[in-house]
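What's counted below: heavy atoms across the whole structure, side chains too, no hydrogens, waters or symmetry copies. Since this is a predicted model, take the numbers as computed values, not measurements.
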Amino acid sequence: MSNTNRSTEPLFQTFTNKKIKLPNRTVMAPMTRGFSPEGIPGDDVAAYYRRRAENGVGLIVTEGTGINHPASVSGASIPVFYGEDSLNGWANVVDQVHKAGGKIVPQLWHVGMTREKGDLPNPEALPVGPSGLNLDGEKVTESMTEEEVVKLVEAYAQGAADAKRLGFDGIEIHGAHGYLIDQFFWEKTNQRKDRYGGDIVGRTQFAVEVIEACRREVGPDFPIIFRFSQWKMNEFKAKLAETPDELERFLQPLVEAGVDIFHCSTRRFWEPEFEGSDLNLAGWTKKLTGKPVISVGSVGLDGEFTSFSGADTTSLDGLIKKLEEEEFDLVAIGRSLLMDPEWVKKVDDGRADDLLPFNKEALQRLY
């Protein structure tokens, strides 16, 4: 491991705004695990999240969990966020995390056109998206009708209401990486001519309605986090916004709809988003909106997660410097926490030499 020479104190300052207070600036990034048979998170999943709370993670964002729609997820062991058994499982997760002194939000998810025809758990359900186009721009199914779009908005709102009822500390809406909401954002996958299509502002309409509907269900004081990205799973160099001005036009409708915190997904947190500035995507989002932001992307590791291979630990100096400069407010840690539930506690205790490198075998078990 490269030595971390800066004090890690900025990472362990409390974070407070009018809707949520966190003991430090660390966030567990959402990472699909696939250990929930029939979509139901069991005791092993609850214990997995509890271990992170016990070891000082400031806020846990669950893996993506499917909203109430037959094509929301792609896989029989991906958790869902509807139905009595699944919601009881999530209630147990919340209870375990809270007993350990942690805070947790579910990530509400629909995979959209990344789902293949015939995928489990509902092989008869066709994938859905704004224009029936997959991420390569190929026609797979028909465009959703406006009535179908409205029903999906209602499904997100139902998930938000259930999250509050179960005692979660907020919600995160997954609008990144080429999944359903991001398919509405992206011109390549959204060719609609109605109110859900058009220019970069028009293409935010679906997300705006989702956020507004969730807000109506949870009230004014329940935190809504919104995750977005420029990159897509099949196109790492994709851009929704080529300039800061475009990014501001994209973000403003989401702010007005009711987002409290933006979770700005990049593959490498240290990379500038636009030429002429060192700010990353989170930094620009904070500057343009004034909202708190979460930065993410290969924190603590020397290899990016999209390579799906191992990675060694690395210095946290660059991360701490950006935190000191208040470029972003919170830091999401992914693979480092996947491998090592004690990562946050070790950093806080000054035991950086004890941090574990990432081994892809960690994807096959719940550490």
Problem set entry | Step-by-step side chain to side chain donor-acceptor pair (under 3.5 Å) determination, Asn55 to Glu342 | CA-CA 5 Å; Asn55 284 284; Glu342 298 181 26; 5.2 Å; no
Measure the [atom1]-[atom2] distance between [X] and [Y] for me, rounded to the nearest 0.5 Å.
X: Asp329; Y: Glu327; atom1: CG; atom2: CD; result: 10.5 Å
X: Lys103; Y: His98; atom1: NZ; atom2: NE2; result: 8.0 Å
X: Asp162; Y: Trp90; atom1: CG; atom2: CH2; result: 13.0 Å
X: Lys19; Y: Ile225; atom1: NZ; atom2: CD1; result: 11.5 Å
X: Ser131; Y: Gln183; atom1: OG; atom2: CD; result: 9.5 Å
X: Lys239; Y: Ser229; atom1: NZ; atom2: OG; result: 11.0 Å

For this session: Any chance you could lay out the salt bridge (charged side-chain N to carboxylate O under 4.0 Å, His left out) test for Arg50 and Glu54, step after step, and finish with the verdict?
Result: CA-CA 6 Å; Arg50 177 172 179 146; Glu54 288 172 338; 2.9 Å; yes
Exercise. Could you go step by step and tell me if Glu148 and Lys151 meet the salt bridge (charged side-chain N to carboxylate O under 4.0 Å, His left out) rule?
Worked result: CA-CA 5 Å; Glu148 289 172 322; Lys151 286 182 179 178; over 6 Å; no
Problem set entry | Derivation and outcome, salt bridge (charged side-chain N to carboxylate O under 4.0 Å, His left out), residues Arg6 and Glu324 | CA-CA 10 Å; Arg6 287 178 178 265; Glu324 287 175 339; 2.5 Å; yes
For this session: Run the ring-centre check on Phe185 versus Phe206 and record whether the distance is less than 6.0 Å.
Result: no
Using only heavy-atom distances, determine whether the side chains of [X] and [Y] contain a donor-acceptor pair under 3.5 Å.
X: Thr314; Y: Asp302; value: no
X: Asn280; Y: Ser295; value: yes
X: Gln13; Y: Glu9; value: no

Seminar exercise, completed: Sorted by chain and number, sequence neighbours left out, ring-ring contact (aromatic ring centres under 6.0 Å, His included) with Trp186 holds for none
Validation row: [X], [Y] side chains within 4.5 angstrom (heavy atoms):
X: Trp109; Y: Val111; answer: yes
X: His177; Y: Arg227; answer: yes
X: Val149; Y: Phe184; answer: yes
X: Phe81; Y: Leu87; answer: yes
X: Tyr48; Y: Leu338; answer: yes
X: Lys18; Y: Asp260; answer: no
X: Tyr367; Y: Arg52; answer: yes
X: Asn17; Y: Ile20; answer: yes

For this session: Hydrophobic side-chain clustering at under 4.5 Å (ILVMFWY, transitive links): who's grouped with Met113? Put none if nobody.
Result: Val140
Closer than 3.5 angstrom, by distance alone: can the side chain of [X] be matched with the main-chain N or O of [Y] as a donor-acceptor pair?
X: Ser143; Y: Arg192; answer: no
X: Glu63; Y: Arg33; answer: yes
X: Glu217; Y: Ala213; answer: no

For this session: Look at Asp349 together with Lys345 and state whether they make a salt bridge at an N to O cut-off of under 4.0 Å.
Result: yes
Exercise. How far apart are the C-alpha atoms of Glu235 and Lys188, what are their side-chain angles, what is the distance that settles it, and do they pass the salt bridge (charged side-chain N to carboxylate O under 4.0 Å, His left out) test?
Worked result: CA-CA 11 Å; Glu235 199 167 323; Lys188 185 173 182 177; 3.1 Å; yes
Seminar exercise, completed: Exactly one of Thr26, Val27, Leu323 clears side chain to side chain contact (heavy atoms under 4.5 Å, CB included) with Val331, and that residue is Leu323
For this session: List the steps, then state whether side chain to side chain contact (heavy atoms under 4.5 Å, CB included) holds for Ile173 with Ile181.
Result: CA-CA 9 Å; Ile173 299 168; Ile181 292 176; 3.5 Å; yes
Seminar exercise, completed: Given the options Arg267, Glu242, Glu273, Gln230 meets side chain to side chain donor-acceptor pair (under 3.5 Å) only with Glu273
For this session: Please report the closest heavy-atom contact between Ile211 and Ala257, naming both atoms and the distance.
Result: CG2-O, 3.5 Å
Exercise. What pairs of residues pass the ring-ring contact (aromatic ring centres under 6.0 Å, His included) test when at least one of them lies in residues 52-73, not counting sequence neighbours?
Worked result: His69-His110
